[in-house]
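The block underneath contains the structure these notes are about, expressed in structure tokens.
For reference, positions follow the sequence shown, starting with 1. These numbers come from the heavy atoms of this one structure, side chains and all, not from hydrogens, waters or symmetry mates.
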Amino acid sequence: MGGFFGVASQEDCVFDLFFGIDYHSHLGTRRGGMAVYGEDGFNRAIHNIENAPFRTKFDKDVHEMKGNYGIGCISDYEPQPLIIRSHHGTYALTTVGKINNIKELTQKMFDKGHAHFQEMSGGEINATELVAAIINQKDNLIEGLSYALEAIDGSMSILLMNHAGIYAARDKYGRTPIVIGRKENSFCVSFENFAYKNLGYADYKELGPGEVIVMTPKNCVTLVNPNEEMKICTFLWIYYGYPASSYEGVNVEKMRYACGEKMAKRDNVKADIVAGVPDSGTAHAVGYANASGIPFSRPFIKYTPTWPRSFMPTIQSKRDLIAKMKLLAVEELIRDKSLLLIDDSIVRGTQLRETTEFLYQSGAKEVHIRPACPPLLYGCKYLNFSRSTSELDLITRRVIERLENGNVTDEVLHEYADPENEKYERMIEEIRKELNFTSLRYNRLDDMLDAVGIDKCKLCTYCWDGKE
């Protein structure tokens, strides 16, 4: 995933930029970056933040940088922002998104005479550099930004900074958000709207799908009007979004309460307590407890003083180990109890199986699992949702592959996505047995979308039902 932040101010912007970026640390843990523009031109810093938080790595830079314009990011993939020199002049660029047709676009650039691309340590092309190359195909930046949004298969939201201001372009279908904040003599642009509230900014506007704006200290002007069609990622509310965030006017925490309430209304399990897997399952559990009357409790706690962030190492086996090490049991709240546990989702199932074993070892009598979203049947094509290289990393797909003897088609998958279908029930039971849960019941897609509360046609549900 990833997030970005930018500031255009009549005064030095570095303080606001530094903390605005830091407020996006929940969206990634691999790279952090800042770029500013001022009297001395461009200045940039990029650091690896895998072993230390953004604030620690950039403490020195924030005291040395100066500028009236600034952009920065938290990135789980490529180093950015990049400083680009082109026929448009010099500009800084940062992006959030995923490019599915990266090979085709790269070859197209080579065919047009582009000499080379930087290769990252993983052997992949820096996607932000490719976006710059696409933008540079056009005669001006506005046309270039719109062209990039159209050319990319997947999604891509962009911040571009030059001497004239900060340009922001929200991806074609609005799968990720871009919001503008305003205070006296300053505008800011952000992925998360809560990121600027403590810096004194008030909500100014939310960009629509495909909308392009330019921002200076004095104004924010729309250069390309938004598209009608929207497909914002529903998983922003379920998992990625911070509780204080709102997207399209819907607060994350409030949505999660509603999600839990809807799950409780369809359930009849008898449990002693309701608990959430820290942290993203907690609000769903509060909503479930409020609606069901089963007491909410915290039978295990995440140890955060030295492991404050939700993501950890990039290697999956190490992430699983760290996730296990973070959780501390409160055995007095577990022993001889029937627990109902809510997590945001089940992806591979590894961590939740180990969490369940951990609860049994701590004396739990029963562990009932209630994921807050439907079964994930498709890998996300739009937001780098996980580092999975195969859809068989999903426990649902492994189980379906086994049940169907390898004959898995889109038609078959649609049957497994239907909670009224017998095949759906078989899949759930196989997952329950494999992960050793007392019972397993997923949230329904229709209930989850109702909990969001905006038009269903504006929400992306691809990872659950394969519909684009």
Side-chain angles (χ1 to χ4, degrees), residues 2-49 52-75 78-84 90-96 128 157-169 177-204 207 213-220 242 244-245:
F4 53 40
F5 194 82
V7 181
S9 176
Q10 289 185 347
E11 302 170 354
D12 185 72
C13 73
V14 175
F15 179 90
D16 285 2
L17 179 66
F18 174 70
F19 285 102
I21 301 167
D22 185 62
Y23 271 131
H24 288 79
S25 293
H26 60 292
L27 293 173
T29 61
R30 195 167 187 181
R31 299 280 191 275
M34 294 173 60
V36 298
Y37 179 82
E39 292 180 0
D40 298 327
F42 288 89
N43 192 0
R44 183 195 64 177
I46 297 174
H47 294 297
N48 185 314
I49 57 172
F54 176 89
R55 257 199 325 271
T56 302
K57 285 295 184 78
F58 284 83
D59 185 59
K60 181 180 178 183
D61 300 295
V62 78
H63 290 98
E64 295 177 350
M65 287 180 158
K66 293 187 184 306
N68 298 101
Y69 294 152
I71 62 173
C73 68
I74 298 291
S75 175
E78 61 270 15
Q80 48 174 321
L82 301 182
I83 305 296
I84 306 296
T90 303
Y91 60 85
L93 188 73
T94 188
T95 66
V96 170
T128 300
S157 290
I158 305 166
L159 296 187
L160 186 154
M161 174 181 71
N162 66 7
H163 68 281
I166 296 175
Y167 297 80
I178 296 184
V179 288
I180 307 296
R182 183 183 187 182
K183 69 179 179 181
E184 187 176 2
N185 299 323
S186 296
F187 279 90
C188 72
V189 57
S190 183
F191 185 105
E192 299 279 37
N193 72 330
F194 81 89
Y196 52 71
K197 297 295 179 70
N198 286 345
L199 299 172
Y201 294 85
D203 293 329
Y204 181 73
L207 270 62
I213 62 98
V214 64
M215 191 175 76
T216 68
K218 293 185 177 180
N219 58 26
C220 174
Y242 211 68
S245 292

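Just one of Cys73, Ser75, Pro79 meets the side chain to side chain contact (heavy atoms under 4.5 Å, CB included) condition when paired with Ile46; it is Pro79.
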Determine, step by step, whether Val189 and Met215 satisfy the side-chain contact (heavy atoms from CB on, under 4.5 Å) criterion, reporting the C-alpha distance in whole Å, the side-chain angles of both residues, the deciding distance to 0.1 Å, and the verdict.
-> CA-CA 8 Å; Val189 57; Met215 191 175 76; 3.8 Å; yes
Could you give me the CA-CA distance, side-chain angles and deciding distance for Asn68 and Cys13, then say whether side-chain contact (heavy atoms from CB on, under 4.5 Å) is met?
-> CA-CA 5 Å; Asn68 298 101; Cys13 73; 5.8 Å; no
Please test Val14 against Met34 for side-chain contact (heavy atoms from CB on, under 4.5 Å), starting from the C-alpha separation and ending with a verdict.
-> CA-CA 9 Å; Val14 175; Met34 294 173 60; 4.1 Å; yes
Verdict with reasoning, Ile74 to Ile49, per side-chain contact (heavy atoms from CB on, under 4.5 Å) = CA-CA 9 Å; Ile74 298 291; Ile49 57 172; 4.0 Å; yes
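Two residues are said to be in side-chain contact when any heavy atoms from C-beta on lie closer than 4.5 Å; Thr90 and Phe42 meet this criterion. Using a 4.5 Å cut-off on side-chain heavy atoms (C-beta onward), Ile158 and Phe4 make no contact. At a threshold of 4.5 Å between non-hydrogen side-chain atoms, the residues Thr95 and Gln80 count as touching. Between Val179 and Ser190 the shortest side-chain heavy-atom distance falls below 4.5 Å. Taking 4.5 Å as the limit, every side-chain heavy atom of Tyr91 sits out of range of all side-chain heavy atoms of Met161. The side-chain heavy atoms of Val214 and Ile166, taken from C-beta on, include no pair separated by under 4.5 Å. Between Leu207 and Ile180 the shortest side-chain heavy-atom distance falls below 4.5 Å. Contact annotation: the side chain of Cys220 approaches that of Tyr204 to within less than 4.5 Å [non-hydrogen atoms, C-beta and beyond].
Qualifying side chain to side chain donor-acceptor pair (under 3.5 Å) partners for Tyr196, counting only residues two or more places apart in sequence or in other chains: Asp203. With sequence neighbours left out, the salt bridge (charged side-chain N to carboxylate O under 4.0 Å, His left out) criterion links Asp12 to no other residue. With sequence neighbours excluded, no residue forms a salt bridge (charged side-chain N to carboxylate O under 4.0 Å, His left out) with Lys218. Asn198 pairs by the side chain to side chain donor-acceptor pair (under 3.5 Å) definition with Tyr23, not counting sequence neighbours.
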Side-chain donor-acceptor contacts of residues 52-65 below 3.5 Å, not counting sequence neighbours, with atom names and distances?
unit_1, atom_1, unit_2, atom_2, d
Arg55, NH1, Asp22, OD2, 2.5
Lys57, NZ, Asn48, O, 2.4
Asp61, OD2, His47, NE2, 2.7
His63, ND1, Asp59, O, 2.7

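By the neighbour-count criterion of 12 heavy atoms within 6.0 Å, atom CD of Gln10 is densely surrounded, having more than that number from other residues, nucleotides or ligands. Heavy atoms of other residues, nucleotides or ligands lying less than 6.0 angstrom from CZ of Phe18 number more than 12.
When all heavy atoms are compared, the tightest approach of Ser9 to Tyr69 is N-CD2, 4.4 Å. Nearest heavy-atom pair across Gly20 and Ala195 is O-CB, 3.9 Å. Ile178 approaches Ala168 most closely through the heavy-atom pair CG2-CB, 4.4 Å. Contact detail for Ala92 and Ala35: the closest heavy-atom pair is CB-CB, 4.1 Å.
Annotation: the span from Ile71 atom CD1 to Ile21 atom CD1 amounts to 9.0 Å, rounded to 0.5 Å. Remark: Asp40 CG to Lys66 NZ distance equals 10.0 Å, nearest 0.5 Å. For the atom pair OG1 (Thr216) and CZ (Phe187), the distance works out to 7.0 Å, reported to the nearest 0.5 Å. The CG atom of Leu93 sits 9.5 Å away from atom CD1 of Ile83, with the distance rounded to the nearest 0.5 Å.
Using a 30° and 60° split on the angle between ring planes, His26 and His24 fall in the parallel class, below 30°.
Within the structure, salt bridge (charged side-chain N to carboxylate O under 4.0 Å, His left out) pairs that include any residue of residues 179-194 comprise Asp16-Lys183 (at least two apart or interchain).
Taking the six-membered ring for Trp and the full ring otherwise, the centers of Phe191 and Phe5 sit at least 6.0 Å from each other.
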